[in-house]
Novice: 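Take a look at this one; I'll ask things after.
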Amino acid sequence: MRNMSLEELLALREELQVSVDKEKSVSLSALIGVEEELLRRLSRQKKGESPYDVKEIQRDLIAHLVHFGAYTKTYYKRDHVDDQKSLAKVLKYDRGNALAYYRLGMYAYRKSFYITAAVHFNNALKSHERDADSPYSLSDQQHYQVLLYLQNSTLKVAIETADMTRTAEEKMDEKSMANLKLPPIQENIRHYEVYLENHAFTVLSERGLKLASKEECEQLMNPDNKESPLILYFSDAQQSVIFQKQEVSLTILQASMLKRVLLNHTEGKPLEKGKLADLFASLDQAGKVPDAIYKQAFTRLKKQMDKLGLGGVIIGQEDGNLYLSEIPFLCIQRIEQW
C-alpha cells in the first residue's frame, strides 16, 4: 500500500467502499487502512497543494471507526478488543468525540478500571458541552448516565483508597472488619448502581421508547402469551432477529437498516431511502446510495428475515422508501450503543 500513488489509493478506496456495502467484512478493515494511509500522505502536503478533500476522508474514517470498528473481524459477531482499539483511533483524529469517550469509559468501568473510566467519562462530558450539535454528542439520557458513572467511578476509587488506608493503619482482621457499619459513601454507590442497572438498555416498541434492566429485557424476550413480537436484539456479542424462539443473526448493516425502519414506524411514516445513506460507505456525487447497492442490501435483509417467515414484514416502495407491516416488535440495545 505504501508503494501506491495517491490516485491508486483513492481508486482502491472507491472499490472497497462498494465492497463494504456488499457486506464483505474483510473489506472494512482494508478500507479503514486505506483511509488512514491517505490521511498520512495528505497530512505531509502543504495546505492548498492537494486537490483532495482531506476533511471528507477524515470524516468517513471517523464514522467507520466509531460505528463499525467492533465488526471488522467477523461477519456477524463483535470483537470488543478491536472496538476499543478503533475508539482509541477515533480520538487521534477527533479529540472531542464524546461518544468515543463514553464507550471507552464503559469498557473501563466494566473491567473495574475506575480511574481510567473516570477520565473517559469526564472527557465525554467536556466534549459534549463544547459541541452539543456534533453527530457524536450524547443524548439527554446518555448525558445523565455519564454523570452517574463518573460519580460512581470516583466514589469507588475513594472507597478503595479508604479501605487500603484503614487496613494499613489499623491492621484489622477479617472478623472485626465484618462488624463495621457500611459507610454512607457505599450506600450512595449502591443507590446509583441500582439506577444504572435498571436503565442499562433501551427498548423500542410500537408504543415508543423506554429504558429497562437486563432482567426486564430477558422477560420481554420470553413472553408468556403466544403472540411473540419481532425482536431486534443487539447483544454484547452480535445482533440478531428473534421470532417465536427462533433466532437469525444479522450483519451490522442489516440490523441498522431494520432499526431505522422500526424507529420510523413509531412515528407513523415510511423510512425514506435518503435517511439510510450514512449507513453505507459508497455514495454517488450527490451523496446518495447507488440503487444497485441499496437494492442488494434490502434483498439480503429480507432474505435473513424470511428464514423466520418474516420476509414480508419490511416492504419496499418503488421510490426506495421502506415501511413495516403491522406486527408487534421490540428493539433492544444497550444505551451507550443506541
Side-chain angles (χ1 to χ4, degrees), residues 70 77-78 80 83-84 87 98-99 101-114 116-118 120-121 124-125 128 138-156 159 182 184-247 249-250 252 255-256 258-260 262-263 265-266 327-338:
K77 295 186 178 180
R78 308 181 190 185
H80 295 293
D83 194 27
Q84 291 174 76
L87 293 170
L99 187 58
Y101 283 123
Y102 177 22
R103 286 170 53 185
L104 284 169
M106 291 301 300
Y107 277 122
Y109 190 89
R110 287 172 186 153
K111 292 179 180 177
S112 301
F113 299 156
Y114 298 119
T116 302
H120 286 315
F121 290 135
L125 289 173
H128 176 77
L138 307 174
S139 68
D140 290 342
Q141 184 62 39
Q142 286 174 334
H143 183 245
Y144 182 62
Q145 301 261 129
V146 168
L147 287 168
L148 295 186
Y149 275 116
L150 175 58
Q151 182 167 248
N152 261 20
S153 296
T154 54
L155 288 174
K156 283 176 179 289
I159 286 288
L182 191 67
I185 191 171
Q186 291 185 339
E187 289 288 4
N188 288 340
I189 290 175
R190 290 188 181 184
H191 171 77
Y192 292 127
E193 285 199 329
V194 167
Y195 174 89
L196 291 167
E197 288 173 2
N198 290 339
H199 298 79
F201 288 81
T202 58
V203 179
L204 175 73
S205 70
E206 61 269 26
R207 295 182 295 276
L209 188 69
K210 71 171 188 176
L211 300 178
S213 67
K214 184 177 180 180
E215 290 73 20
E216 288 175 302
C217 291
E218 289 173 350
Q219 291 177 1
L220 290 170
M221 292 169 65
N222 295 281
D224 296 328
N225 54 41
K226 295 182 180 179
E227 295 183 4
S228 176
L230 177 161
I231 300 172
L232 173 59
Y233 180 42
F234 292 80
S235 74
D236 288 338
Q238 62 183 34
Q239 51 287 326
S240 57
V241 173
I242 305 168
F243 186 65
Q244 294 182 347
K245 297 185 178 180
Q246 292 185 316
E247 184 173 359
S249 296
L250 298 181
I252 183 59
S256 298
L258 179 54
K259 176 182 170 181
R260 296 279 176 91
L262 299 180
L263 278 167
H265 185 78
T266 61
I327 182 173
F329 66 85
L330 297 173
C331 177
I332 300 175
Q333 189 173 14
R334 281 194 177 275
I335 188 168
E336 68 267 20
Q337 302 283 356
W338 184 258

Novice: Can you see which heavy atom on Gln239 is nearest to which on Ile252, and at what distance?
Specialist: NE2-N, 3.6 Å
Novice: Heavy atoms, side chains only, cut-off 4.5 Å: are Trp338 and Lys259 in contact?
Specialist: yes
Novice: Any side-chain to backbone donor/acceptor pair from Gln142 onto Ser139? Under 3.5 Å, distance only.
Specialist: yes
Novice: Would Tyr107 and His120 count as a close aromatic pair, with their ring centres under 6.0 Å?
Specialist: no
Novice: Before we go on, tell me: are the rings of Tyr101 and Phe121 under 6.0 Å apart, centre to centre?
Specialist: no
Novice: Show the nearest heavy-atom pair for residues Ala117 and Gly105, with the distance to one decimal.
Specialist: CB-O, 3.7 Å
Novice: Any non-hydrogen side-chain atom of Lys156 less than 4.5 Å from a side-chain atom of Glu193?
Specialist: yes
Novice: Can you confirm whether Ser240 sits close enough to Phe234 that some side-chain heavy atom of one is under 4.5 Å from a side-chain heavy atom of the other?
Specialist: no
Novice: Within the 4.5 Å heavy-atom criterion, are Val241 and Leu258 side-chain neighbours or not?
Specialist: yes
Novice: Yes or no on side chain to side chain contact (heavy atoms under 4.5 Å, CB included) for Tyr102 and Ile335, after CA distance, side-chain angles and deciding distance?
Specialist: CA-CA 11 Å; Tyr102 177 22; Ile335 188 168; 3.7 Å; yes
Novice: Find the distance between CZ (Phe201) and CG (Leu211) and round it off to the nearest 0.5 Å.
Specialist: 11.5 Å
Novice: Taking the side chain as every heavy atom from C-beta outward, state whether Gln145 and Glu336 have any pair of such atoms under 4.5 Å apart.
Specialist: no
Novice: Between Cys217 and Val203, is there a side-chain heavy-atom distance shorter than 4.5 Å?
Specialist: yes
Novice: Starting at CG of Leu99, measure out to CG of Leu104 and round the result to the nearest 0.5 Å.
Specialist: 9.5 Å
Novice: Using every non-hydrogen atom in the two residues, find where Ser205 and Leu330 come nearest and quote the distance to one decimal.
Specialist: CB-CD2, 3.8 Å
Novice: Which residues pass the side chain to side chain contact (heavy atoms under 4.5 Å, CB included) test with Lys111, sequence neighbours left out?
Specialist: Gln84, Phe113
Novice: Would you name the heavy atoms of Thr154 and Ala118 that are closest together and state the gap between them?
Specialist: CG2-CB, 4.2 Å
Novice: Please confirm whether the ring centroid of His191 lies under 6.0 Å from the ring centroid of Tyr195.
Specialist: no
Novice: Any carboxylate oxygen within less than 4.0 angstrom of a Lys/Arg side-chain nitrogen, looking at Arg334 and Glu197?
Specialist: no
Novice: State, yes or no, whether a side-chain contact exists between Ile242 and Leu232 at a heavy-atom distance under 4.5 Å.
Specialist: no
Novice: When rounded to the nearest 0.5 angstrom, what is the spacing between CG in Leu196 and CG in Leu148?
Specialist: 5.0 Å
Novice: When rounded to the nearest 0.5 angstrom, what is the spacing between CE in Met106 and CG in Leu87?
Specialist: 12.5 Å
Novice: Decide yes or no on side chain to side chain contact (heavy atoms under 4.5 Å, CB included) for Asp236 and His80, but give the supporting numbers first.
Specialist: CA-CA 9 Å; Asp236 288 338; His80 295 293; 4.3 Å; yes
Novice: Taking it one step at a time, do Leu262 and Thr266 satisfy side chain to side chain contact (heavy atoms under 4.5 Å, CB included)?
Specialist: CA-CA 7 Å; Leu262 299 180; Thr266 61; 6.0 Å; no
Novice: Under 4.0 Å between a Lys/Arg side-chain N and an Asp/Glu carboxylate O for Glu216 and Lys210?
Specialist: no
Novice: Starting at OG of Ser213, measure out to CD of Gln219 and round the result to the nearest 0.5 Å.
Specialist: 7.5 Å
Novice: Indicate whether any N or O donor in one side chain lies under 3.5 Å from an N or O acceptor in the other, for Gln333 and Thr202.
Specialist: no
Novice: Side chain to side chain contact (heavy atoms under 4.5 Å, CB included) between Tyr109 and Thr116: does it pass, once the steps are laid out?
Specialist: CA-CA 8 Å; Tyr109 190 89; Thr116 302; over 6 Å; no
Novice: Taking the side chain as everything from C-beta on, heavy atoms only, tell me whether Leu204 gets closer than 4.5 Å to Phe329.
Specialist: yes
Novice: Could you grab the distance from atom OH of Tyr114 to atom CG of Leu150, nearest 0.5 Å is fine?
Specialist: 14.0 Å
